[in-house]
Each structure stands twice: as C-alpha cells, then as structure tokens.
Amino acid sequence: MRAKELFSPTLREVPAEAEVVSHQLLLRAGFIRRTAAGVYTYLPLAIRVLKKIEQIVREEMDHQGGQEIMMPIIQPAELWQESGRWDVYGPELFRLKDRHDRDFALGPTHEEVITTLVRGEVNSYKQMPLLLYQIQNKYRDERRPRFGLLRGREFIMKDLYSFDRDAAGLEVSYRKMHEAYTSIFKRCGLLFRPVEADSGAIGGSDTHEFMVLADSGEAIVLYCNNQACGYAANNEKATLPAEENISGETLKPLIRAATPGCRTVEEVAQFLRISPQTIIKTILYETEKEVVAALVRGDREINEIKLLNTLGCLRLELAGAKTVQQITGAAVGFAGPVGLKGCTIVADPEVLAMVNAVTGSNTDDTHCLNVNPTRDFEVNITKDIRMVQAGEPCPHCGSQLLEAKGIEVGQIFKLGDKYSKALGATYLDESGHSLPIIMGCYGIGVSRTMAAAIEQNHDNNGIIWPAAIAPFQVVVIPVSTKDEKQVALARELYQRLLEAGIETVIDDRPERAGVKFKDADLIGYPLRITIGSKAVSENRVELQPRRTGEVTLAPTQNLEKIVLEMLTAL
RNA sequence: CGGGGCAUAGCUCAGUUUGGUAGAGCGCACGGUUCGGGACCGUGAGGUCGCACGUUCAAGUCGUGUUGCCCCGACCA
C-alpha cells in the first residue's frame with residue numbers, strides 16, 4: 001500500500017471528545033471517526049485490524065468444531081416476547097417499528113433467534129453437539145456509551161452458541177471454548193487472564209470472563225499469588241475462605257456513646273480512637289420488595305452484586321434518606337443492627353466473628369459500643385456479601401491474592417436450559433424421552449479487543465501493535481522523496497517485501513522525514529525500515545521495531561528473510 | 001436515569017464577564033526557501049458562532065426552550 005493513497009487521516013492534536021488512550025489513538029492515527037455517540041465508522045486501517053482479529057477468531061472457532069452462520073440484526077419482537085426478555089431487557093434494547101407498526105429490535109445478542117432456529121431443526125440427540133457462531137454488529141443502547149470502542153452502542157461481536165444433550169456435553173463444549181479463547185487472545189499477542197465471574201442477567205451457572213490486563217481497565221481482577229493454584233476472579237465474584245478465628249476476648253456489656261456528627265466509619269473511628277475493623281458498617285438498601293440492612297466490617301466494602309444474588313432480587317439501590325429515617329428513626333450515618341426492625345438484616349460472616357464491636361444506635365449522634373452479634377442482635381441471612389481486597393487469602397489455597405485491572409474482552413456462559421425451556425427447544429434421547437437442549441453462549445468483543453490491544457500496547461508516541469493484529473507489518477520510509485536513488489531503492493524493497501507476502505506500506509508522501517516518522521509511530525507499524533542516503537551508498541537499511549526502537553542495520557540482499565525473522569520474534 | 005460540563009473555521013481553542021460589523025494556532029490551496037523526528041516566509045480559501053423563540057436600535061455575547069456531545073455514578077462484549 002502506498003501511504004499517498006492510504007485513507008488514514010492522522011491528527012496532530014488530541015480530539016477533545018476522547019478521554020482514554022485507545023480512543024485518542026484510534027482517532028489520531030486515523031482508524032476511526034465518530035458518527036454518533038457510541039457509534040463509529042471504521043476506516044481502512046481499523047478494518048485491517050478487525051479482519052485480522054476476526055480471522056484468528058474464525059480459525060479457533062472452526063478448530064473446535066464451530067460452524068459460522070449469519071443471523072439477522074433485525075429481530076421480530078415476538079421472539080423476545082416469547083423468551084420474556086422483551087419486557088425484561090429494558091431500554092438497552094434498541095426497538096423499532098416497521099411500516100405495518102410491527103415491533104422489532106436490533107439484536108443485542110442472539111439467544112432468541114438461534115434457539116428458535118435450533119428448535120425447528122434439531123430434534124434428536126444424534127444432531128448434537130452443535131456449535132454455531134457468527135461475527136457481526138451488535139446493538140445495545142447503553143446508558144452511557146464511552147471510552148470510544150471500549151463501550152459503544154454498536155460493536156462487533158463474535159457469538160457462539162453450543163447445543164448439547166446434557167450437562168456433561170455442555171462441560172465439553174465449555175472447555176473447548178475456554179481453550180479456544182485462550183488461544184485467540186494469546187495469538188492476538190495480548191496479556192490476559194481468564195477469571196471467574198458473575199453471570200448477571202444472562203443467567204446460568206458457570207461463567208468466566210477473559211480480561212486483557214491494562215491499567216485503564218474498569219474491572220478489578222483478583223488472582224492468587226501462588227501460580228500453581230491459578231485462582232483468578234472478577235472482584236465482583238471473588239470469594240473468601242470461611243472465617244475461623246474467633247477472638248478470645250470476653251464480651252463486655254453494651255453501652256451507648258455520644259458521637260456527635262460522626263456519620264462515616266472514618267469519622268467514628270477517629271472520634272472514638274478505634275480501628276475501623278472494630279466497627280460494624282450498616283448500609284440500608286431498597287429492593288423491589290423490601291428494605292435490607294447489609295452489615296460488613298468497617299474496613300470492608302459491600303459487594304452489591306453478591307448482595308443482589310443473595311437476596312434474589314432484580315433491583316438493588318441504596319436507600320434514600322427518607323427511608324433510612326423511617327426505618328432507623330435516625331439520620332443517615334447512625335444505622336445499626338441493634339433493635340433494628342422492619343427490614344431484612346444480611347451480615348457478612350466476618351461480622352458474626354466480631355466481638356465488642358461498634359455500631360450505629362439508630363439514634364442521631366450516638367453509637368453503641370461492645371455490640372456482640374447474636375447476643376445483641378439477630379441476623380436473618382449470613383452470607384459473603386463483601387468485596388474481597390488484594391492481600392486477603394485465596395479461597396482455594398490460602399495464599400495471598402493480588403490485584404490487577406482488566407478490560408473484559410470475552411465471556412463464556414453455561415446457560416443450561418434457560419432459553420431452551422422458555423422457547424421450547426427439545427430433543428429426543430435414545431429412549432424417546434423429550435428433554436430440553438442444554439445450551440452455552442460465548443462472546444468476544446472484536447472491536448473492543450482492538451481497543452484493548454491499544455490500551456495494553458502504546459507509548460507516548462502512539463500505538464504499538466502486536467504483529468499478529470497490526471494493520472500492516474512493515475512501513476518503508478524513504479527519508480527524502482526528492483532523492484531518486486532513495487525512492488528507487490525504497491520501491492524495490494517495497495516490491496520485494498510484498499512479493500514475500502509481507503504486508504507493507506511505503507511512505508511515498510512528499511513530506512519531511514519527521515512527519516513520516518511521527519505518523520509511523522502513531523499508527524504503530526511493528527517494523528519500520530528507513531532508507532536514507534547512507535542506505536543508498538552502503539546498501540544497508542535501518543530496521544527499527546516499534547516496540548523497542550532499537551535500530552539495526554541490515555544489508556538489502558536477503559532483506560525479506562531478515563524482516564520475516566524479525567517479525568516472528570515480535 | 002441522576003449529577004456536572006461543553007457547543008465559535010476540517011482540528012485544538014480564544015472572544016461571552018462589560019451586547020456594537022468574526023479571531024489565533026494547526027490543517028488545506030498556491031509560490032518560494034528548507035529537508036533524518038510534526039520546518040520557515042508570503043499569499044489565499046474556509047464560519048447563517050448547534051437549533052428555535054425572546055429581550056434590544058443592535059445578540060457569538062443576555063433570557064427561555066430544545067438538540068447534540070463529553071465527563072462522574074448504577075449495567076455490559
């Protein structure tokens with residue numbers, strides 16, 4: 001490709017709309033342009049990267065027995081009504097009407113369509129396992145699209161659905177996908193980690209997320225320090241070993257103490273000169289059916305996902321000041337479990353092990369001292385409801401947990417019979433019994449993977465593409481386009497590299513060298529070949545990998561071979 | 001959906017406080033000098049100041065409304 005003809009408008013300045021580095025660099029390097037909030041046009045360089053990623057995905061899906069199909073983006077409302085998700089999915093579902101006033105949705109995911117397809121075509125255990133996938137645009141009217149391609153309203157996703165006769169079959173399919181995903185992200189040159197996760201609204205039992213590790217990631221991953229153990233989980237999901245240490249302290253009688261104006265754990269701890277660890281934090285929540293008081297140790301954070309799962313409710317919000325006043329009889333900041341009525345009390349197991357603790361007293365400006373669970377208050381539910389923090393013990397082996405930030409680029413779910421039951425997808429087994437098909441679903445955010453790769457691979461000058469997904473492998477830069485010898489040599493080498501099957505750009509623009517170098521760094525070609533005057537006289541060119549920036553000189557004979565070797569090493 | 005901010009040339013922004021005939025840098029076009037890390041000089045093109053209504057002799061500037069975009073929180077590939 002000649003840079004002169006390549007449509008990749010680069011920007012010198014950072015566009016005001018971009019906050020995160022992948023968004024900034026995709027705009028600056030001429031990969032994307034915004035069309036609407038969370039909706040982007042992919043320019044030629046982006047398309048090349050996306051196709052590379054898609055190709056890797058296809059190969060790994062096919063390798064595991066997946067078969068590619070293409071389902072419609074436009075889906076009739078009846079399917080969603082049948083599964084019950086037309087009402088449940090909420091405003092995130094893009095809805096539209098046709099000219100006959102019939103309801104449709106733009107597909108945010110395809111369980112409905114594929115399950116309907118399969119229920120009509122798969123009737124026997126002999127037709128399974130079946131793995132079907134597609135790569136196409138998905139539509140989700142996000143509450144807040146942001147971070148460029150990391151969270152768009154239109155994005156490219158690979159979604160595969162597995163159909164098996166039983167849980168054992170699903171287990172096999174699930175493991176295949178786990179393996180495929182591992183290969184995919186490895187081949188893309190990304191540093192990633194599969195972690196245990198919460199299944200959220202999609203439902204199902206087991207689920208893993210694949211996290212690309214990057215400081216800008218929104219998700220927090222906890223992983224075991226002990227490599228042999230290998231435990232890793234999203235912090236929403238991470239669990240703890242059962243609490244065992246009960247303090248030998250003797251129980252003291254409960255008393256009340258004035259704590260004027262101390263609403264937060266920090267304020268109370270400071271005022272009473274105690275450690276936050278001796279305080280029981282009481283937070284009130286409202287669900288669609290009840291008010292809940294959640295108790296955790298003062299230095300802990302409540303994990304609202306765990307709490308939501310524990311309660312089995314659909315909606316969970318912090319209680320408003322009014323509700324708090326009504327339930328506790330005190331202002332926000334003085335709630336405590338002692339004598340608390342009119343709400344369900346959920347406690348983290350750690351709380352039950354506390355002795356002579358401090359809590360709010362449900363009276364303004366007063367706290368209770370020497371509170372002891374069981375003796376002073378009853379708990380309705382005891383369940384792990386707190387965030388696990390780095391430094392705490394691994395639930396599997398007890399070693400220390402470490403923390404990293406990650407971008408979720410893929411997730412695999414065991415769906416079980418949730419959709420096959422709702423949509424009536426059954427098969428007959430050997431004995432003629434009708435059973436629901438057991439399903440799994442497996443997604444990869446392709447466009448997000450591209451952005452995540454940049455989040456993980458960039459420097460102050462621009463993108464550093466892993467060679468496997470780079471839009472081009474090599475850029476050939478004649479330093480001066482006025483020097484005909486340089487240009488001639490550059491063209492010759494460019495041709496030879498093309499013939500060797502290496503994706504190469506020749507920067508033949510009549511620009512100064514500095515401009516070309518800056519653009520080469522910005523776009524992130526893995527390897528740069530610079531052809532200056534010395535190259536012409538000595539027949540040696542400069543090779544400079546983008547990542548290291550180390551310049552090596554190479555003779556022009558056999559350049560293809562040297563380049564190929566360097567690229568494999570990248 | 002709640003909270004905050006922004007909207008002026010292709011891009012980044014000034015001008016709004018105190019209403020008075022539209023600005024800079026970059027980019028673009030042309031000419032010249034340059035030429036190994038975003039050169040310099042000159043000339044030029046380019047804007048119904050997001051949109052609507054209002055106040056006023058006069059609105060980019062003040063008021064009301066509206067739309068779009070961005071950021072922070074609860075959801076997701």
Side-chain angles (χ1 to χ4, degrees), chain A residues 9-20 23 27-28 30 33-39 53 57 89-93 108-110 135-160 181 197-202 207 209-212 218-219 234 236 285 304-305 308 314-318 320 407-413 441-452 460-462 477-483 486 509-522 528 530-535 542 544 549 551:
Chain A
T10 54
L11 301 174
R12 193 174 288 224
E13 284 168 288
V14 181
E17 68 189 66
E19 194 71 15
V20 299
H23 191 195
L27 286 166
R28 281 193 61 206
R33 287 293 181 266
R34 186 181 60 75
T35 299
V39 180
I53 298 171
V57 169
Y89 216 94
E92 219 176 79
L93 188 64
T109 174
H110 280 69
I135 300 175
Q136 62 156 205
N137 280 347
K138 291 283 184 285
Y139 297 84
R140 294 183 191 174
D141 196 358
E142 292 281 347
R143 292 166 179 90
R144 184 146 97 84
R146 56 178 153 176
F147 305 147
L149 295 189
L150 287 174
R151 182 182 289 130
R153 293 193 294 172
E154 175 183 84
F155 59 96
I156 303 170
M157 177 164 134
K158 183 285 304 181
D159 45 327
L160 183 142
Y181 277 37
D198 184 80
S199 60
I202 295 187
T207 177
E209 291 170 338
F210 285 74
M211 297 284 193
V212 166
E218 291 184 273
N234 189 315
E236 292 172 348
Y285 285 92
E304 295 186 0
I305 305 245
L308 187 122
L314 296 170
R315 206 169 50 79
L316 180 75
E317 282 167 14
L318 274 175
I407 301 166
E408 184 194 337
V409 290
Q411 185 162 16
I412 57 180
F413 291 94
C441 75
Y442 315 84
I444 289 179
V446 174
S447 42
R448 182 184 275 185
T449 298
M450 174 166 75
N460 288 336
N461 295 318
I477 300 183
V479 167
S480 168
T481 36
K482 297 243 169 87
D483 182 336
Q486 284 181 30
R509 296 175 301 167
E511 293 284 354
R512 295 162 61 89
V515 173
K516 298 186 195 178
F517 294 156
K518 287 286 184 190
D519 272 350
D521 287 350
L522 186 57
R528 184 178 108 193
T530 313
I531 293 159
S533 49
K534 283 178 197 159
E542 291 171 25
Q544 185 175 21
V551 177

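Letters A, B, ... are given to chains in the order of the sequence lines, protein chains preceding strands, and every chain is numbered from 1.
- Between A:Arg140 and B:C76 there is no side-chain N or O to OP1 or OP2 distance below 4.0 Å.
- The residue A:Ile531 sits apart from the nucleic acid: no heavy atom pair falls under 4.0 Å.
- The side chain of A:Arg28 sits closest to B:G38 out of B:C76, B:G38, B:C69.
- Within 4.0 Å of A:Pro15, counting heavy atoms only, lie sugar-phosphate atoms of the nucleic acid but no base atom.
- Judged by distance alone, with hydrogens and angles left aside, A:Arg448 brings a side-chain donor or acceptor within reach of the base of B:C76, the pair sitting under 3.5 Å.
- When distances are taken from the side chain of A:Asp521 to each of B:G25, B:G37, B:G73, the shortest belongs to B:G37.
- Using a 4.0 Å heavy-atom criterion, one finds that A:Arg528 contacts the bases of the nucleic acid, with or without backbone contacts as well.
- Distances from the side chain of A:Asp519 to the nucleotides B:G38, B:C76, B:G36 place B:G38 closest.
- By the 6.0 Å and 45° rule, A:Arg448 does not stack over the aromatic ring of A:Phe155.
- For A:Phe147, counting side-chain heavy atoms from C-beta on, the closest listed nucleotide (B:C71, B:C69, B:A77) is B:C71.
- Taking the side chain of A:Glu13 as heavy atoms from C-beta on, and the options B:G25, B:G38, B:C70, the nearest nucleotide is B:G25.
- The residue A:Gln544 sits close to a base: some heavy atom pair falls under 4.0 Å.
- Checked against B:G38, B:C72, B:C1, the side chain of A:Arg143 finds its nearest nucleotide in B:C1.
- Rounded to an integer number of Å, the gap from CZ of A:Arg12 to P of B:G27 is 5 Å.
- Between the CG atom of A:Leu149 and the C1' atom of B:C76 there is a distance of 15 Å, given to the nearest Å.
- Rounded to whole angstrom, the span from the CZ atom of A:Arg34 across to the P atom of B:G68 amounts to 12 Å.
- Place A:Phe155 and A:Lys482 on RNA chain B by their nearest nucleotides, and A:Lys482 ends up nearer the 5' end.
- Listed pair A:Arg144 / B:G3 fails the phosphate criterion, with no side-chain N or O lying under 4.0 Å from OP1 or OP2.
- Summarising the geometry, the separation between CD on A:Glu17 and C1' on B:G50 is reported as 16 Å, rounded to the nearest angstrom.
- Out of B:A77, B:C71, B:C11, the shortest distance to the side chain of A:Glu142 is found at B:A77.
- For A:Thr530, whose side chain is taken as the heavy atoms from C-beta onward, the closest listed nucleotide among B:C1, B:C70, B:G36 is B:G36.
- Atom P of nucleotide B:G37 and atom NZ of A:Lys516 are separated by 13 Å, given to the nearest angstrom.
- Nucleotides of RNA chain B nearest to A:Glu218 and A:Thr10 differ in position, and the one nearer the 5' end is that of A:Thr10.
- One can place CD of A:Glu511 at 13 Å from C1' of B:C26, the figure rounded to the nearest angstrom.
- Protein atom CE of A:Met157 is 13 Å distant from nucleotide atom P of B:C76, rounded to whole Å.
- With rounding to whole Å, A:Leu318 atom CG is found 15 Å from B:C1 atom C1'.
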